[in-house]
Protein chains: 2
Amino acid sequence: MPPRKSTDDLKEVIRDFRRDQVIDVARRLFGERGTTEVSMDEIAAEAGVARSTVYVYFANRDELLRACLKGMHNQLLDDIAESWEQDAEPAHRLERLIKGMLQRIDADPAFFRLALMAQGSVSQGGEAVGTELALISLNIARLIADLYADGVAQGSFRDVDPDKATSLIGQQIYGAMSVRAGEPLPEPPAMVAAEVCAFILHGLST
Amino acid sequence: MPPRKSTDDLKEVIRDFRRDQVIDVARRLFGERGTTEVSMDEIAAEAGVARSTVYVYFANRDELLRACLKGMHNQLLDDIAESWEQDAEPAHRLERLIKGMLQRIDADPAFFRLALMAQGSVSQGGEAVGTELALISLNIARLIADLYADGVAQGSFRDVDPDKATSLIGQQIYGAMSVRAGEPLPEPPAMVAAEVCAFILHGLST
DNA sequence: CCCGCATCGGACACCCTGTCCGAACTCACG
DNA sequence: CGTGAGTTCGGACAGGGTGTCCGATGCGGG
């Protein structure tokens with residue numbers, strides 16, 4: 001087996017390119033009409049390939065859905081990582097984190113609704129779609145945990161069980177994102193992020 | 001058309017009974033394996049009726065799903081209404097509200113996961129399943145709004161835009177419920193409710 | 001020029017939905 | 001007791017989706 005590296009690499013690039021092509025279409029259609037309402041025929045047609053070709057790249061519908069989620073996961077992490085290092089102040093990081101996620105939703109609300117729906121499927125057949133979403137949650141949770149620990153260390157956050165605090169913060173963010181994913185005409189992300197962040201910091205206390 | 005009241009009433013009772021029989025089975029199966037993974041055949045078989053008979057009671061799969069959600073909605077409202085009048089103190093009402101919802105989840109976690117999944121479907125075909133869930137949200141939101149207004153009136157809550165405050169509180173509760181619906185071995189609802197409530201009241205502030 | 005490879009397109013078996021209808025059963029009424 | 005209305009059953013049916021398979025086609029590199 002001779003190296004033949006460049007050729008094989010090219011093939012792989014092409015393969016990835018086509019894969020992404022299908023994923024993009026699937027993500028759009030899933031987002032627009034829901035994962036259950038789009039047939040593989042439609043995806044294939046819209047992507048300009050034969051249905052059987054789609055099955056060359058993805059074993060089945062589930063795997064395609066998982067690939068869609070993975071793509072979104074990566075974009076989300078990129079978005080957040082970008083702004084993460086710009087400010088080490090915990091409260092600011094929190095606000096940036098929230099703003100980043102809201103912006104990601106705004107960039108493709110349909111896609112995020114897709115994620116929410118998949119969230120539902122997770123608890124179901126148990127299929128591997130769940131693992132994709134669990135990864136996202138884990139990554140975000142880690143960021144929150146770090147940020148909280150920093151805040152406690154410098155005395156700006158109340159010191160309670162870190163796991164509980166992380167969970168509660170995460171829940172608030174999750175709720176905020178869910179609502180926004182459904183809202184037709186959302187307010188500016190920066191403003192919402194500021195409100196959510198303020199609420200997390202102070203709650204209803206006078 | 002003679003009155004014949006008692007007979008017709010009886011028929012209606014029987015009809016409702018059978019309907020509920022199917023709904024119970026459907027709710028269980030939907031909860032266990034997800035709404036998309038259960039066929040009408042299975043539901044009918046498990047309920048001990050012919051598939052065609054199910055279609056006598058429900059026009060289609062969607063209507064059956066909606067009926068399942070409506071049932072859960074009513075149970076939830078009953079649960080909450082029960083404890084609502086026991087204490088007029090806003091903070092206590094909030095905690096009771098949260099506890100009530102957590103208990104409902106614990107009573108039938110599978111069912112709540114079903115609701116979450118349907119939440120996803122809402123944004124999809126747009127079918128009337130959404131209206132069922134929207135009703136639930138509305139009812140809860142009204143309770144929260146009342147409670148918040150009381151708290152502000154008596155000076156125990158910060159006075160901000162009531163809509164925003166209601167929304168933020170609702171988001172926190174929504175997140176907490178979502179997490180709990182997925183947790184395998186949750187802590188006592190009362191304890192979790194207290195934590196969530198405390199977080200809403202004070203946030204991270206020292 | 002020819003081989004390998006990706007793609008195509010269509011046939012296939014299987015499953016699910018929603019509709020329909022005739023047959024059997026139940027039960028209240030005359 | 002007989003009759004008729006209403007209910008259920010079971011199965012047939014069309015339509016549509018999934019996932020598999022395979023022969024045909026086209027293309028690019030050696």
Exercise for the section: Identify whether any heavy atom of Ser39(B) sits under 4.0 Å from a base atom; if not, whether one sits that close to sugar-phosphate; answer base, sugar-phosphate or nothing. Expected result: sugar-phosphate
Handout entry: Distance test, side-chain N/O of Thr53(A) to OP1/OP2 of dC8(C), below 4.0 Å
Key = yes
Practice task
Give me the residues of residues 43-51 of chain A where at least one heavy atom lies under 4.0 Å from an atom of DNA chain D, by number, or none.
Solution key: Arg51(A)
Handout entry: Residue pair Ile200(A) / Ile98(A), side-chain heavy-atom distance below 4.5 Å
Key = yes
Exercise for the section: Nearest-nucleotide wise, let me know which of Ser52(A) and Met40(A) is further upstream toward the 5' end of DNA chain D. Expected result: Met40(A)
Problem - Among dG18(C), dT8(D), dT18(D), the nucleotide that comes nearest once only the side chain of Asp41(A) is considered - result: dT18(D)
Problem - dT7(C) OP1/OP2 closer than 4.0 Å to side-chain N/O of Tyr57(A) - result: yes
Problem - Donor-acceptor under 3.5 Å (Glu95(A) side chain, Glu195(A) main chain) - result: no
Handout entry: Close side-chain approach of Val25(A) to Glu42(A), heavy-atom, < 4.5 Å
Key = no
Problem - Phosphate-side-chain proximity, Arg18(A) and dT7(C), N/O vs OP1/OP2 below 4.0 Å - result: yes
Practice task
Check whether NZ of the Lys or CZ of the Arg Arg96(A) lies under 6.0 Å from the centre of the six-membered ring of Trp84(A) and within 45 degrees of that ring's axis.
Solution key: no
Handout entry: Side-chain donor or acceptor of Glu46(B) paired with backbone N/O of Asp41(B) under 3.5 Å
Key = no
Validation: residues 52-59 of chain A side-chain donor-acceptor distances under 3.5 Å, sequence neighbours left out:
none

